[in-house]
Amino acid sequence: MLSVQYINENKEQVVQALKVKNFEAQSIINEIVSIDQYRRDTQKNLDASKSQMNTISKEIGNLFKEGKKEDAEVAKRKTSELKDDIKALESKLREVEVHLNKLLTEVPNVPHPSVPPGKSEADNQFEREGGEPVKLNGKPLPHWELAEKYDIIDFKLGNKITGAGFPVYKGKGARMQRALINFFLDEAQKAGFNEVLPPLMVNEDSGFGTGQLPDKEGQMYHVTEDNLYLIPTAEVPVTNIFRDCIVNEADFPIKYTAYTPCFRREAGSYGKDVRGLNRLHQFDKVEIVCVEHPDRSYQLLDKMVEYVESLIQKLGLQYRVLRLCGGDLSFTSALTFDFEVYSAAQEKWLEVSSVSNFESYQANRMKLRFKPTGEKKTQIAHTLNGSALALPRILAALLENYQTPEGIKVPEVLQNYTGFDMIN
RNA sequence: GGAGAGAUGGCAGAGUGGUCGAAUGCGGCGGUCUUGAAAACCGUUGAUCUUCACGGGUCCGGGGGUUCGAAUCCCUCUCUCUCCGCCA
C-alpha cells in the first residue's frame with residue numbers, strides 16, 4: 001500500500017495518476033488525509049495524557065519510598081480521571097487506525113508515468129517483437145489434440161482424479177515438464193538468481209504482504225482447517241521471505257528464483273480461453289523475485305525483462321513484449337511488461353510471463369526496509385518479480401510450433417534435459 | 001494425538017511490581033596504539049509514532065486484565081522446543 005506520508009505529500013499527483021488505472025481516487029484520498037490528521041491529533045492528546053500519567057506514577061513511587069503514604073493516596077485519586085481519558089483516547093485511536101488502514105489497502109499502487117491509459121488488454125502498448133514467424137504446412141493441430149495423439153498430457157484422467165484444470169502429464173510430457181523446470185532454474189542461476197524452494201502454503205500475513213489478501217481471497221485455495229492458502233505463485237512465499245526485515249543496503253540487488261507449482265481457483269473463467277493448457281488450476285512456474293534500492297529498481301526491471309526475453313529466444317519462440325495499460329495493470333503493480341508467444345495452431349498470442357515493479361507498494365505492507373548508509377531512518381525498499389517462465393503455455397507453444405509430420409521436435413537447448421529430440 | 005518446558009535487542013543471555021528500552025557477553029561501527037594487521041583499551045550501537053525542533057509516546061511472542069505503576073502478577077491465543085505415540 002501507499003504510505004500515508006506519501007499520500008499527504010502528493011495528493012493531487014496520486015489522484016491524477018490513478019486515473020490512468022481508471023480509479024477515481026479523489027474522495028478516498030480526501031478521506032485518508034482528513035482521517036490521518038484526526039489520527040495525529042488523537043495521538044498527540046493521548047501522548048500528553050500518558051506523559052502526565054507517567055509523571056504522577058513516578059511521584060507516587062517516590063512518595064511511597066519516602067513513607068509519605070497519605071500524600072501518595074492523594075496523588076492516586078488524581079489519576080482516575082486521567083485513566084478514563086487515556087482509555088477513551090486509546091480506543092478512539094485504535095478505531096481510527098483500523099479505519100485508516102482499511103482505506104489505505106483500498107488504494108491501488110500508483111502507475112509509473114510511462115504506463116499508457118487504457119481500459120483492457122486491447123489497449124496494451126506494443127514494445128517490440130522477436131523470434132522467427134512459424135511456418136507450418138497443412139493443418140496444424142492445437143496442443144490438446146497433439147497431447148492426445150502422442151499421449152503426453154491426459155486431461156480426462158486429471159478430470160477423474162481431481163477435476164478440470166488439473167492435467168496429468170505422462171511419459172515424454174512429464175519429462176518435458178521436468179526439463180523445462182530444470183532449464184529455467186539453471187538459466188536463472190547463471191543470471192545470478194539464488195534458488196529457493198519455498199512452502200506451497202502460506203499464512204494470512206504472507207497473503208496480505210504481497211497483496212493477495214484481502215481483495216483477491218477468492219482466487220486462492222483456502223485450507224480452512226488450518227487457515228492456510230495454497231500459493232497462486234511463488235511470488236508470495238519468496239517475497240515474504242523479507243517480510244518484517246531490514247535488509248542490508250550492500251546486499252542490493254537481492255535476486256531470488258524459485259520453482260513451485262501454482263494453484264489458482266480462476267473463479268469466473270470460462271469459455272474458449274480455458275481449453276487445454278491455456279488456463280489451469282494447477283501449473284508449474286519458475287519465478288524470479290527481486291528486492292532493490294528505490295533509485296535503481298527500474299534499471300533492474302529492464303534487466304529482468306531482458307532476461308525473460310533471452311529465455312524465450314533460446315526456446316526459439318516467436319514473441320512480443322507489451323507494456324500493460326492502466327486498465328490491465330494489477331492492483332499492486334506500478335509497471336508491468338507482459339510477454340506473449342505466438343501459437344501458430346491456435347492463431348493467437350499466449351501470455352507466458354509478466355514482469356513487474358511494485359515499487360514500495362508490497363514492501364510497505366510487509367515492512368521491508370533498509371537503512372541507507374549514513375542515515376538514521378529506515379527506508380522502504382522496492383520489490384519486483386517476473387515469471388521466468390510459466391510452463392503450460394510455453395509447452396503449448398512448443399508442441400504446436402514444433403510439430404512436424406514425423407512428430408514434435410524438441411528445441412535444442414532442452415535436449416540435454418529431456419534426453420530425446422523428438423516426441424513421436 | 002498425550003505430557004512437560006519456553007518465547008526478552010543482530011545473536012547469546014540476565015532480569016519476578018517502581019529511574020528497565022532493559023545488565024552482561026558476542027557481533028557491528030568509530031577511535032587509540034601499529035609500517036599494516038591482530039590483540040588490548042576507549043567510545044558507540046534497536047524499532048516505531050508524533051514534533052520545525054526541544055521533547056513526548058509505544059514496543060520484552062499476539063490480544064485482554066489487575067495496579068497509581070507491568071518485561072515482571074492473572075487470563076487467553078499463537079508459536080517453538082523436549083519426551084511419548086503415530087508416520088514419510
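Values reported hereafter were calculated over all heavy atoms of this structure, with side chains retained and with hydrogens, waters and symmetry mates removed. Order of the sequence lines sets the chain letters (A, B, ...), proteins ahead of strands, with each chain counted from 1.
Near RNA chain B, meaning a heavy atom under 4.0 Å from it, residues 364-371 of chain A has Arg369(A), Lys371(A) in order of number. Contacts with RNA chain B (heavy atom under 4.0 Å) in residues 199-207 of chain A: none are found. Taking every heavy atom of residues 86-106 of chain A and every atom of RNA chain B, pairs under 4.0 Å involve Arg94(A), by number. A heavy-atom distance below 4.0 Å to RNA chain B is reached by these residues of residues 40-51 of chain A, ordered by number: Arg40(A), Gln43(A), Lys44(A), Asp47(A), Lys50(A), Ser51(A).
Taking atom P on both nucleotides, rG43(B) is separated from rU24(B) by 11 Å, rounded to a whole Å. Of the P atoms belonging to rC11(B) and rU35(B), the separation is 39 Å, rounded to the nearest Å. Nucleotides rC74(B) and rG21(B) are separated by 24 Å at their C1' atoms, to the nearest Å. When the P atom is used for both rG17(B) and rG85(B), the distance is 41 Å, rounded to whole Å. rA38(B) and rU48(B): their C1' atoms are spaced 39 Å apart (whole Å).
Across all strands shown, Ser80(A) has no heavy atoms under 4.0 Å from either base or sugar-phosphate atoms. Asn54(A) comes within 4.0 angstrom of the backbone, heavy atoms only, and of no base. Note on Ile60(A): a base of the nucleic acid sits closer than 4.0 angstrom, heavy atoms only.
Sorted by first and then second residue, the ring pair (Phe, Tyr, Trp, His ring centres under 6.0 Å) pairs with a member in residues 2-48 of chain A form an empty list; sequence neighbours excluded. For residues 290-299 of chain A, the salt bridge (charged side-chain N to carboxylate O under 4.0 Å, His left out) pairs, not counting sequence neighbours, are Glu292(A)-Arg296(A).
Scanning RNA chain B 5' to 3' for nucleotides with an atom closer than 4.0 angstrom to a non-hydrogen atom of chain A gives a first and last hit of rG18(B) to rG69(B).
Applying the side chain to side chain contact (heavy atoms under 4.5 Å, CB included) test to Ala396(A) and every residue at least two apart in sequence or in another chain returns His143(A), Leu277(A), Leu350(A). Judged as a side chain to side chain contact (heavy atoms under 4.5 Å, CB included), and not counting sequence neighbours, the contacts of Asp41(A) are Gln37(A), Lys44(A). Considering only residues two or more places apart in sequence or on other chains, Gln5(A) meets the side chain to side chain contact (heavy atoms under 4.5 Å, CB included) condition with Ser3(A), Glu9(A).
Cation-pi geometry between Lys285(A) and Tyr259(A) is not met: the NZ or CZ atom fails to fall both under 6.0 Å from the ring centre and inside 45° of the normal.
Of the two residues near RNA chain B, Lys58(A) and Lys377(A), the one whose nearest nucleotide lies more 5' is Lys58(A).
Judged by Watson-Crick or G-U wobble contacts below 3.5 Å, the nucleotide rA38(B) has no partner. rA70(B): no Watson-Crick or G-U partner with both key distances under 3.5 Å is found in any strand. Using Watson-Crick or G-U wobble geometry with both donor-acceptor distances under 3.5 Å, rC60(B) finds no partner in any strand shown.
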Let me check something: any side-chain donor-acceptor pairs from residues 181-208 of chain A under 3.5 Å, sequence neighbours excluded? List them with distances.
from      : atom 1 : to        : atom 2 : distance (Å)
Asn182(A) : ND2    : Arg178(A) : O      : 3.3
Asp186(A) : OD2    : Tyr417(A) : OH     : 2.7
Glu187(A) : OE1    : Lys314(A) : NZ     : 2.7
Glu187(A) : OE2    : Lys190(A) : NZ     : 3.1
Asn203(A) : OD1    : Asp205(A) : N      : 3.3
Asn203(A) : OD1    : Ser206(A) : N      : 3.0
Asn203(A) : OD1    : Ser206(A) : OG     : 3.2
Glu204(A) : OE1    : Asn227(A) : ND2    : 2.9
Ser206(A) : OG     : Arg243(A) : NH2    : 2.9

Scan the side chains in residues 79-87 of chain A for donor-acceptor partners under 3.5 Å anywhere in the protein, sequence neighbours excluded, and list what turns up.
from     : atom 1 : to       : atom 2 : distance (Å)
Thr79(A) : OG1    : Lys76(A) : O      : 2.5

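With respect to Asn278(A), the side chain to side chain donor-acceptor pair (under 3.5 Å) criterion is satisfied by exactly one of Arg393(A), Glu351(A), Gln346(A): Gln346(A).
Between Asp154(A) and Lys170(A) there is a salt bridge, with a side-chain nitrogen of the basic residue lying less than 4.0 Å from a carboxylate oxygen of the acidic one. At a threshold of 4.0 Å, the pair Lys371(A)-Glu249(A) does not count as salt-bridged, since none of the basic side-chain nitrogens sits closer than that to a carboxylate oxygen.
Between Met1(A) and Asn101(A), the closest side-chain pair of non-hydrogen atoms falls below 4.5 Å. Side-chain atoms of Ile246(A) and Leu368(A), non-hydrogen and from C-beta on, never get closer than 4.5 Å to each other.
Between the side chain of Ser49(A) and the main chain of Asn45(A), a donor-acceptor pair closer than 3.5 Å is present.
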**Item:** Candidate pair Glu309(A) and Tyr319(A), rule side-chain hydrogen bond (donor to acceptor under 3.5 Å, both in side chains), full reasoning
**Value:** CA-CA 9 Å; Glu309(A) 192 165 359; Tyr319(A) 66 93; 2.6 Å; yes
